[in-house]
**Student:** 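Can you keep this structure in mind? I'll have questions shortly.
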Amino acid sequence: MKRPSCLLLFVFLSFVAYAQKRDTTDALQRMLKNLDTFQQKHPQERVYLQTDRPYYETGDDIWFKAYVTVSQFNLLSAISKIMYVELLNDQQEVVQSRRLPVISGLSMGDFKLPETLVEGRYHIRAYTNWMRNFDEGLFYHKTITINDKSSPIVSRSSFIYKNSSKKDKQVDGTVQLLDFNGKMLPNRPVIFELKNKGKTIAKQQVATDDIGRLRFQFPYESRKKDQPDLLILNIDGGNQGTLVKTIPVVIRPDKRAVHFHAEGGALLAGVQNRVGFQVVRNVMDEEEEVQGQLESSGQVVTKFKSDSAGLGSFDFIPESNKEYTAFVRFANGDTIRTPLPEVGKSGFHLAVNNLMEQGVAAQLSASEDHIQQQQIACIIQSQGMVFYAAKQSLNKPEISFNIPKKDLPSGVLGLAILDEQMNVIGSRKIFILNPRDNLPLQVEPTQESYGPREQVTLNLRGVMPDTADIGAFSASVVNIDKIPKISLTDNNILSTLLLQTNTYNTIDQPMIPFDYQNKRIQQQIEILMLAQPVDPRFWKEVKAGKFPEIAYKPEKELRISGIVTNNQDEPIANAKVTIASFKPTTTVLDTVTDTAGRFNFDKLLFYDQSDFLVQARDARGKKNVKVKLDEVPSQAISQEDKEGEVKVTAKEGTSNQNSEKSLSEIQQYGFSGKSIVLEEVEVNAKKENPAKHSANLNGAGNADQVISGDELYFNGCPTLDVCLQGRLVGVRFVNGIPYSTRSMNRPMQIILDGMYMDPSALNIINPFDVASIEVLRTVGNTAIYGMWGSNGVLVITTRRGDQPRRFGPELYTPGLTTFSPQGFYEIRSFESPDYSSTQDTEGIDHRTTVYWQPDVVLQKDHPASLSFYTADQPGIYRIEIEGLDVNGRLAKSTSYIRVEEK
């Protein structure tokens, strides 16, 4: 792919400067040089995840392939070798986290969803440590729906409170019920029960309205942010009996707003100005047009309306010394009043036409006092990389720049107009989709229809240019008849890498078709660009040549590092540091600190839940030293509607191993030391809930009894069943199996991190890993589990990264600490049955994701072939293949086959 030449650009600029009366080439060249420096020092990575489907049920697997790219050309990145993928619930808590190796910009992984996961909206977030230097809006974000596997009904819900002067604020709750075909369920009898901290606070029998909705209100002030309510619906399912759905009540403020942005960034009197706007809605708000009008001094200047996506624009000629206010009216009658920016009598106005096929036209209008023969520059850039630069003299009220599109790359670009001093006088974003950046894929199934358990072969071919001979892709085959129709829309690699990750915008945006010939889509995206504000700090920093400091380094490998100090926190040089890990295999490494007391173990390879012992001794072998380990802080949630503490899976803090096995290992490898019990001190602090990450359906900590894992660990017992003997009220143990005194000699149900376990599983659980045990015995706490809770439940939660080991009487061992960093996730393989063999023929094949292949490789003139077997259930199978070639050309192909009953 041809890239612009900096040499030719500078020659062109020098020629233009020579032809002009006033020479500003030096200033412009300094600006271009600073842009190049920014691009070299601050390259921005992007992440795209192809998931196997947009909708899941509890107990399913989420499979994903990650593409990490860099620069406007979406080249596979070599900056980061490690990335993070997180699954967050609607309370913005990290449910699962994956730390994955990135090889040549590619990675893959999965999430296993527990059967007991509460249904609702979830979010997938992906980023690298390097990406944390920039705005979180550039991270990969995707919203998915997870439904209860036992329910054929799909629910959508929102719980909104409005800022009100009333003393008692009310929460407006809305729940809509639909079937898998997206059909609303009107007039359906429902008994809803609202529970707070395990107690019923409201219960009522109602019916859905004509479009399948339930509406209700409850007081806001009594709600607890850290313990959301649960809404339990008992729905009349007709022949299917009563269907139960449990929905978390996540309360959010009313987000409805309308953002207006004047084209170019300012309003100028006396010329035609264009204003773009974007409507922000709440989760459950329907997509519909909104009406509005612009007023000044009580007079209507113009009327306008948005499209169904909430995007719109209007033109008017503002007058100086007048104030303008926009009034937007929603379908329910609510009105939002928004004052427009002050109108400038003196200044500039930028207007851009990007709907022409061959080029972009940028027109600058100036007030009379600014027509001074000064040299005006136009720059188009992205991430500091310049794709167009030109200048001309401002000797009339309007000047134009005509920019050919053929040399511009696909994606969001920044267009800026600068004066002689290189101050920005107008700027906006434009979107380009150049056909050369599209990689056509040809996917040819051997036939159009198949029977159950019949082999399907797909032949793949990519139309690659001479400059590229290889590409990386991922393939998903899904029975879409098993996915609700409301969940079938999904963003693609083109929409994400070219549009969404460049607009700092997390609300819904138009999805780009690869042909990009739909005029309505083009106009939507043009208005979206018009409504995007441009950060003025960027150009000020570029002009000054001062750029933000880099706080997060790109991660190249797993490592353990830190500093060794004495009791006065002074670094100790030449101290010996040893680390050891005993699972899955025994590993012992040592090193010495440098003159600054720092040590580093690099190029390590370990997986999740690996525990390390770190021991330090000074140069004379004395152990009275302190070890402080470097830890990368977890990524917080910065967006307004994403409240709540983020919890990661990595363990943090210091701890000791007291089991007999751990003690023998410590002694064997020389990690010994006398424990010192500090004097007792009184601590006045709020007691932390040890079960805050619990999967307890009643809510974390809502149980008949809660035991902290720290209490058990310091008893020195080797297994969890031994630790719990005699500590649980109303629970007896027989051969390590728990029985509630309320049950008839039937064992209690064990639930470990949301997974249902055999009652005998206690003896294989390491007490060191346990954060809490919740005992559910009474009917008020077990009813929500139905038949699974009839004999009582033990909910066991393992330790997370924000739950360091608490040392009761504060045990302390000089020069010795433990460390449990988040290691790599052990990637699983998608299991696809082979019906040519008799060993896979038993049972019923209910697969929704019929095939998942994350490592498809295409070479020029060498088609690839994929093969899989259909499942037992008939339906329409959607085949989606996405990826890119080594030149960053993006590809997506969607095709279908039919599976019919024999």
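Only this structure's heavy atoms are used, side chains among them; waters, hydrogens and symmetry mates stay out.
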**Student:** Report yes or no: is the cationic atom of R132 (NZ for Lys, CZ for Arg) under 6.0 Å from the centre of the six-membered ring of Y552, at an angle within 45° of the ring normal?
**Tutor:**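 Because its charged atom sits under 6.0 Å from the ring centre and within 45° of the axis, R132 does stack over Y552.
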
**Student:** Do the ring centers of F64 and F111 come within less than 6.0 Å of each other?
**Tutor:**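 Yes, the ring of F64 comes within the 6.0 Å limit of the ring of F111, centre to centre.
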
**Student:** Can you check whether Y48's main-chain N or O pairs, donor with acceptor, with K65's side chain at less than 3.5 Å?
**Tutor:**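 No; zero donor-acceptor contacts below 3.5 Å.
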
**Student:** Go through S474 and Q853 one step at a time and tell me if the side chain to side chain contact (heavy atoms under 4.5 Å, CB included) criterion holds.
**Tutor:** CA-CA 6 Å; S474 41; Q853 179 57 265; over 6 Å; no

**Student:** Report yes or no: does R121 contribute a side-chain atom to a donor-acceptor pair with the main-chain N or O of I146 at less than 3.5 Å?
**Tutor:**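 Such a contact is absent between R121 side chain and I146 backbone.
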
**Student:** Taking Q381 for its side chain and G384 for its backbone only, find out whether a donor-acceptor pair lies under 3.5 Å.
**Tutor:**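 Yes, the answer is positive, given that a donor and an acceptor are paired below the 3.5 Å cut-off.
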
**Student:** Quick one: which residue pairs count as a salt bridge (Lys or Arg N to Asp or Glu O under 4.0 Å) with a foot in residues 72-83, not counting sequence neighbours?
**Tutor:**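 Not a single pair qualifies under salt bridge (Lys or Arg N to Asp or Glu O under 4.0 Å).
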
**Student:** Tell me if a side-chain donor or acceptor on E555 pairs with a main-chain N or O of E557 at a distance below 3.5 Å.
**Tutor:**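 Side chain of E555 to backbone of E557: no pair is present.
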
**Student:** What's the separation between atom CZ in R461 and atom CG in L441, rounded to the nearest 0.5 Å?
**Tutor:**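 Spacing of CZ (R461) from CG (L441) equals 11.5 Å.
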
**Student:** Please give me the minimum heavy-atom distance between T457 and S867, naming the atom from each residue.
**Tutor:**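 Scanning both residues completely, I find the closest heavy atoms to be OG1-OG, 4.0 Å.
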
**Student:** Look up atom CD1 in I82 and atom CG in N129, then write down how far apart they are to the nearest 0.5 Å.
**Tutor:**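 Result: 8.5 Å between the selected atoms.
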
**Student:** Is R125 salt-bridged to E86, going by a charged N under 4.0 Å from an acidic O?
**Tutor:**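 Salt bridge: yes.
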
**Student:** Using side chain to side chain contact (heavy atoms under 4.5 Å, CB included), reason through I144 and H123 one step at a time and then give a plain yes or no.
**Tutor:** CA-CA 6 Å; I144 60 173; H123 312 272; over 6 Å; no

**Student:** Does a donor on one side chain sit under 3.5 Å from an acceptor on the other, for Q50 and S476?
**Tutor:**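 Looking only at side-chain atoms, S476 and Q50 do not form any donor-acceptor pair under 3.5 Å.
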
**Student:** Flag yes if more than 12 heavy atoms outside K112 fall under 6.0 Å of its NZ atom; otherwise flag no.
**Tutor:**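 More than 12 within 6.0 Å, yes.
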
**Student:** Measure up the W130 and F134 rings against each other and bin them: parallel (under 30°), tilted (30 to 60°), perpendicular (over 60°).
**Tutor:**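 Because their plane-to-plane angle is over 60°, the rings of W130 and F134 count as perpendicular.
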
**Student:** Quick check against the 3.5 Å criterion: does T849 have a side-chain atom that pairs as donor or acceptor with the backbone of Y851?
**Tutor:**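 Looks like no, no N/O pair under 3.5 Å.
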
**Student:** With sequence neighbours excluded, what pairs up with R847 under the side-chain hydrogen bond (donor to acceptor under 3.5 Å, both in side chains) test?
**Tutor:**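 If we apply the side-chain hydrogen bond (donor to acceptor under 3.5 Å, both in side chains) test to R847, skipping adjacent residues, the hits are D845.
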
**Student:** Does a salt bridge link K860 with D885, judged by any charged N lying under 4.0 Å from a carboxylate O?
**Tutor:**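 D885 and K860: not salt-bridged.
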
**Student:** Check L408 against N434 and note the closest heavy-atom contact, atom names and distance.
**Tutor:**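 Minimum heavy-atom separation between L408 and N434: O-ND2, 3.1 Å.
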
**Student:** Calculate, to the nearest 0.5 Å, the distance between atoms CD and CG belonging to Q44 and D135 respectively.
**Tutor:**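 Going from CD on Q44 over to CG on D135, the span is 9.5 Å.
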
**Student:** Could you check Q96 against R98 for side-chain hydrogen bond (donor to acceptor under 3.5 Å, both in side chains), going step by step and ending with a plain yes or no?
**Tutor:** CA-CA 7 Å; Q96 295 185 38; R98 302 287 183 253; 2.8 Å; yes

**Student:** Can you check side chain to side chain contact (heavy atoms under 4.5 Å, CB included) on N479 and I876, steps first, answer last?
**Tutor:** CA-CA 6 Å; N479 184 348; I876 302 297; 5.6 Å; no

**Student:** What closest approach, in Å, do L497 and N74 show between heavy atoms, and which atom pair accounts for it?
**Tutor:**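 Looking at all heavy atoms of both residues, the shortest contact is CB-OD1, 3.8 Å.
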
**Student:** May I ask you to check whether F824 and Y607 place their ring centres under 6.0 Å from each other?
**Tutor:**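 No; F824 has its ring centre 6.0 Å or more from that of Y607.
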
**Student:** Mind checking the OG1-CD spacing from T894 to E880? Nearest 0.5 Å is all I need.
**Tutor:**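 Those atoms lie 4.5 Å apart.
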
**Student:** Quick one: do V386 and D36 satisfy side chain to side chain contact (heavy atoms under 4.5 Å, CB included)? Show the steps, please.
**Tutor:** CA-CA 8 Å; V386 177; D36 183 67; over 6 Å; no

**Student:** Would a distance-only check, ignoring hydrogens and angles, find a side-chain to backbone donor-acceptor pair under 3.5 Å from T69 to L75?
**Tutor:**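 No, T69 side chain to L75 backbone: no donor-acceptor pair under 3.5 Å.
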
**Student:** Does the ring centre of W63 sit less than 6.0 Å away from the ring centre of F830?
**Tutor:**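 Yes.
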
**Student:** With no hydrogens and no angle check, is any side-chain donor or acceptor of Y388 less than 3.5 Å from a backbone partner on D407?
**Tutor:**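 No, because the side chain of Y388 does not come within donor-acceptor range (under 3.5 Å) of the backbone of D407.
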
**Student:** Please list, chain by chain and in numerical order, all residues satisfying ring pair (Phe, Tyr, Trp, His ring centres under 6.0 Å) with F606, sequence neighbours excluded.
**Tutor:**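 Expected list: F612.
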
**Student:** Using side-chain contact (heavy atoms from CB on, under 4.5 Å) as the criterion, point out the one residue from L311, N354, N353 that pairs with E526.
**Tutor:**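 It is N354, the one option of L311, N354, N353 that forms the side-chain contact (heavy atoms from CB on, under 4.5 Å) with E526.
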
**Student:** Is a side-chain donor or acceptor of D437 paired with a backbone partner of S410 at a separation under 3.5 angstrom?
**Tutor:**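 Present.
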
**Student:** Could you tell me whether a side-chain N or O of K405 sits under 3.5 Å from a main-chain N or O of M356, the two making a donor and an acceptor?
**Tutor:**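 The answer is yes, because a donor-acceptor pair under 3.5 Å joins these two groups.
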
**Student:** Do the charged groups of R453 and E901 touch, with an N to O distance under 4.0 Å?
**Tutor:**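 E901 and R453: not salt-bridged.
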
**Student:** Could you check whether atom CZ of R828 has more than 12 heavy atoms from other residues, nucleotides or ligands sitting under 6.0 Å from it?
**Tutor:**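 Yes, the 6.0 Å shell around CZ holds more than 12 heavy atoms from other groups.
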
**Student:** Taking all atoms of both residues into account, what is the closest heavy-atom pair of Q532 and K429, and its distance?
**Tutor:**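 That would be CB-CD, 3.9 Å.
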
**Student:** Any donor and acceptor pair, going by atom type alone, linking the side chain of Y122 with main-chain N or O of E119 inside 3.5 Å?
**Tutor:**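 Not confirmed, Y122 side chain does not pair with E119 backbone.
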
**Student:** Less than 4.5 Å apart, any side-chain heavy atom of D179 and any of V154?
**Tutor:**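 Of all side-chain heavy-atom pairs linking V154 with D179, none is under 4.5 Å.
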
